[in-house]
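A quick write-up on the structure given underneath.
Chain naming here is simple, since letters A, B, ... match the order of the sequence lines and numbering starts at 1 in each.
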Amino acid sequence: MPSNYKTIIKDGLWDNNGVFSMLLGMCPTMAMTTSATNGFGMGLATAAVMAASSFLVAVFRKRITQEVRIPVYILIVAAMVTLVDLAMNAWMHELYKVLGLFIPLIVSNCLPLARLEAFAARSEALPSLADGLFMGLGFTIALTVIGGVREIIGSGTLFADASLLLGPAFRSMELRFLPADMGVLMMVLPPGGFFVTGYLVVAKRLLDLKAGKEIQMTGAHSVG
Amino acid sequence: MKETALMMIGAALVNNVILARFLGLCSFMGVTTRIDTAAGMGMATTFVITVSAMADWAVQHYVLDAYGLGFLRTVTFILVIASAVQFTEMIIRKVSPTLFQMLGIYLPLITTNCAVLGVALLLVEGNMSLIGATLFAFASAAGYSLVMVIFAGLRERLVLAQVPRLFAGPPIAFIVAGLLAMAFMGFSGISTV
Amino acid sequence: MGYFERIFKEPRWGVHPDDHKRPAADAALRLLPPPARVYMPLSQHVGGAARPIVLVGQQVHKGQLLAEAQGNISAPIHAPVSGKVSSIGEVTAPHASGLGFGAIVIDSDFADRWIDTDPVADPFSLSPEEITRRTAAAGVVGLGGATFPSALKFSLGKRLAVGTLIVNGGECEPYLSSDDRIMRDSADQVVDGVRIVMHAIGARVALVGIEDNKPEAIAAMRKAAAAYPEVRIRPVPSRYPMGSDKQLIQALTGKEVPADARAAEVGVLVHNVSTCAAVHQAVRLGRPLVERIVTVNGGAVARPGNIFVPLGTQVDELLAFCGLNEAPSRLILGGPMMGTLLAHGRVPLVKGVSGIIAFDAREAAVPRAGPCVRCGSCTKACPMGLLPLEMAAHIRSGDLAGAVDFSLTDCIACGCCAYVCPSHIPLVQYFSHAKGELAARERTRLRSEAAKRLAEARLIRLERESREKAEAAARRQAERKAAKALAAASASQAQAVVT
Amino acid sequence: MLSAVGTLTTMGLVLGGLLGTAARYLAVEENPIEAELQSLLPGSQCGQCGYVGCAQAAAALARGEALVTLCPPGGKAIAEALAAKLGIKVDLSAVADDGPRLAVVAEEICTGCCRCSKVCSTDAIVGAAKQIHNVIREACTGCGACIERCPTEAMSLVPLPVTLQHWIWPMPANV
């Protein structure tokens, strides 16, 4: 098990990126990336849940019996999600309203569960915390990038309404690339999510190929 | 009557669970390599969605609303869904071994299918009656199954195609899914529910 | 659809390639002088290889039996020249793999002395069984390329009471004209052979299908068959693959052979014109099949034409006889559509070879294959009504079962699909690969089934052995006990006596 | 606070109880697929998969503990058949299938000890004591069990020679 933090960070952010390499957690990836801001917010919420639940599972891993581990993991994740849900409702109400349904749905996002099974259930608490956090941050990056691409092509802006959703400090991030009527609406609508994700997976493969890494062409299909 | 029909069409086609609401995408990408497995997954999920929607409706109305425990919704729903899946598995195994052989291996996967939880949460937000909720859940699930089978058919053809190396596997599947989503956008004129 | 249209309407399947048959077809037949050495393969037919019955160093006459048929489906081999058996060993097979197979090598004495033959003045006085026996003994096999032992087909036709004999003079492959030549030069022999075959299988009618691009052959055959109303000469449209059994049967009789059935099951039997001529030689003259007409054609050949050659002659020797303009860029045994690609010319000619094509560089150029554009040309060309593009796609992705679902097993490998493919996809190679792979899997399955049976038999044997061992041990123990008891008894008796 | 804990506990108890009861009353024994899997395996009990025999390997497959690619003598064909039976998809390109193999006896080394013929699961090795042994080609499964038993290293596995009857056209090079 890599308890080496550098590997964990590298794995989480790029090599084993939840979206682009493992193809996990596709639902929020598609649904919440109509803009970079939404993707960023959704990613952070997921990262928080993952870090917390990985830590908890790692702490209690010796107490959890094999047979009931999945229900227990789900319950732990569900509890964390409820916490995040309440917290966001309280402090980031605008963003909460946009993300809506998909905050509770982090429960059935397969990325947290997959990491609990694959990493936290067999590692010490602190590496697990790091794994959860950086996997979550990798997820955040992926969502922000997808959201950014869709937003730029779809409506010509980047991080629009960031100040509204995340706080006034983010006003400087709001950018406009194209005139308001130049956007390709299709990119903001559902098909755009599929197209952009597909092309970004190709882009990641291309970068990996350039870096001389072996790439896996079939990709990991996981169900959940 | 007309309203119910429109609601069901809307749930199945216009606001399709997979292509418009982006729920259940993991299974959409994962179990659609063959038509028969996709159909099996679709049937199993339809069953679970309908059953758990009814159960969740009951929990929401008689437990959470009654005691003002709205914040426990996520936890209780996932608990109910997990039990419903387990229960469904046992019943099918006992009642119809043939059906179990068809659906058995997909059942455990459904617990973490966000379509189930998603539909349940949508129901709560929609404030529906029990019958309305059941019909809505069934229609959504039927739309889910339809898209699963269509996409599986496309992917069976896709396997035979000579796809550029970099696009092989998931990327081309995503792009095909995008085209399918575009096709489903054509339904948006039918109903606006 | 009327009978007239059925025959003369252009078929919807197949292709119409440039036939390149002339001028080779018009050149007079030439004789190849006996080569110094011939390599007579033991396996020139479908089925088991023949078993040699001559010894190294033995003197043989032309037409003498070299190897006898072995197994249910097999054919004997005879000496194509007179001379001495110099060795029996492996030579390169006329096969795309370039692997070797067994052959008898004869050094010619250039005398061409025949063995004593057993001619029959009136073959129609012989019983059909006798004709079949003589045909089998002469080693006659299907000369159109299938090389199935003809005598076996006779018995099959007799058993199934086939009413119509179809004689295949289609010769639809481009470049080839050996059947054309034999019909022009020896129409009487062909017609006589046809009548002997009819007698052997009990057919009432023979339909000789000849493609309408061979008017001279049609005229010669009509003249030869004029006295025999039961032998009917029928021109058929020139369309590749008209020479394929199922297509010719449909063109001549309108009957379609079902996918999993043989021609005999729709009441017809197909024999090639050259095969009929060989039957005439075998039955009327008593001469075994040791020579045949081979077309030598292609851009690299200086004097293309039809040559009468002893079997076992090396391809290179025949090419040298016809002269070469340049080193051939590609060498094909048989026609360009279905023939066998040869790596070199040091392979012997066998019974089923109707031609050698030596392409020059221009003819041999193969365009690069591109991706399938789904134009559907191949489905239109396929004479079996298959979907070549679907089959190839399934095979490419490793899904052989899927290809079989698209009736891969019905593919006759005629090459029409690859010929018309605008992307130049080597479709037939995909199908050949898949068929070979399927056959290999079938072999593996049979092997593992046999292994399972053997393993079970072994377990039963081990069980029986251990049981027998235990029984023997028990018996011995019992005997020992009995002996002991006996000894004790006699001892006590003795004691009793003593006391 | 208390009502939340109470609700969750009650639901846990009710659902857990329900499932527990159901599990008792709805229990079904299985697993019919095992026999079918076993019929697909070669049945030579060679043990190369790591299990004692084909029956044990089939049981492990049915439990999902073994990979469908477990059978070296079976090669790709059996792996494909097993995968189809189990309804799973496998990437067979990684399966080392160098074709069927055959055991041969190096006649100059063989001492005629009979050890190899005793372990051969298909009785493919013949030979009496102190006589040079020989392998019956048709019966040999190429499992290699005899190789380890030979004290003089006279046994070896060779690929089945390719003949005209066995030769297969290669797949066209990809475009």
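Neither the backbone nor the side chain of B:Ala82 comes within less than 4.5 Å of any heavy atom in chain A. Contact annotation for A:Met32: neither backbone nor side-chain heavy atoms come within less than 4.5 Å of a heavy atom of chain B. Of the atoms belonging to B:Ile81, not a single heavy atom falls under 4.5 Å from chain A. Residue A:Ile103: no heavy atom, backbone or side chain, is found under 4.5 Å from chain B.
Between atom OG1 of residue B:Thr74 and atom CD1 of residue A:Ile74 there is a gap of 13.0 Å, rounded to the nearest 0.5 Å. Expressed to the nearest 0.5 Å, how far CE of A:Met26 lies from OG of B:Ser27 amounts to 12.5 Å. Between the CG atom in B:Leu23 and the SG atom in A:Cys27 there is a gap of 6.0 Å [rounded to 0.5 Å]. With values rounded to the nearest 0.5 angstrom, A:Phe194 atom CZ is found 8.0 Å from B:Ile18 atom CD1.
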Give the C-alpha distance, both sets of side-chain angles, the deciding distance and a yes or no for side chain to side chain contact (heavy atoms under 4.5 Å, CB included) between B:Phe71 and A:Asn89. CA-CA 11 Å; B:Phe71 63 92; A:Asn89 198 357; over 6 Å; no
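Annotation for B:Leu121 and A:Pro104: closest pair CD1-CB, 3.6 Å, computed over non-hydrogen atoms. Here the closest non-hydrogen pair linking B:Ile175 and A:Phe195 is O-CE2, 3.3 Å. Contact detail for A:Arg205 and B:Arg165: the closest heavy-atom pair is NH1-O, 3.8 Å. A pairwise comparison of heavy atoms in B:Cys114 and A:Leu105 identifies O-CD2, 3.7 Å as the closest pair. The nearest pair of heavy atoms linking A:Val202 to B:Leu166 is CG2-O, 3.8 Å.
With chain A as the partner, the residue from B:Ile78, B:Leu122, B:Leu180 showing the most heavy-atom pairs under 4.5 Å is B:Ile78. Residue with the most contacts toward chain B among A:Ala78, A:Gly198, A:Pro191: A:Pro191 (heavy-atom pairs, distance under 4.5 Å).
Proximity of A:Met30 to B:Phe28: side-chain heavy atoms (C-beta onward) are nowhere separated by under 4.5 Å. For the pair B:Leu117 and A:Val107, the minimum side-chain heavy-atom distance is below 4.5 Å. At least one side-chain heavy atom of A:Leu75 sits under 4.5 Å from a side-chain heavy atom of B:Val75. A:Pro190 has its side chain within reach of B:Phe22: a pair of non-hydrogen atoms, C-beta onward, lies under 4.5 Å apart.
For A:Tyr73, the OH atom is densely surrounded, since the number of other residues' heavy atoms within 6.0 Å is greater than 12.
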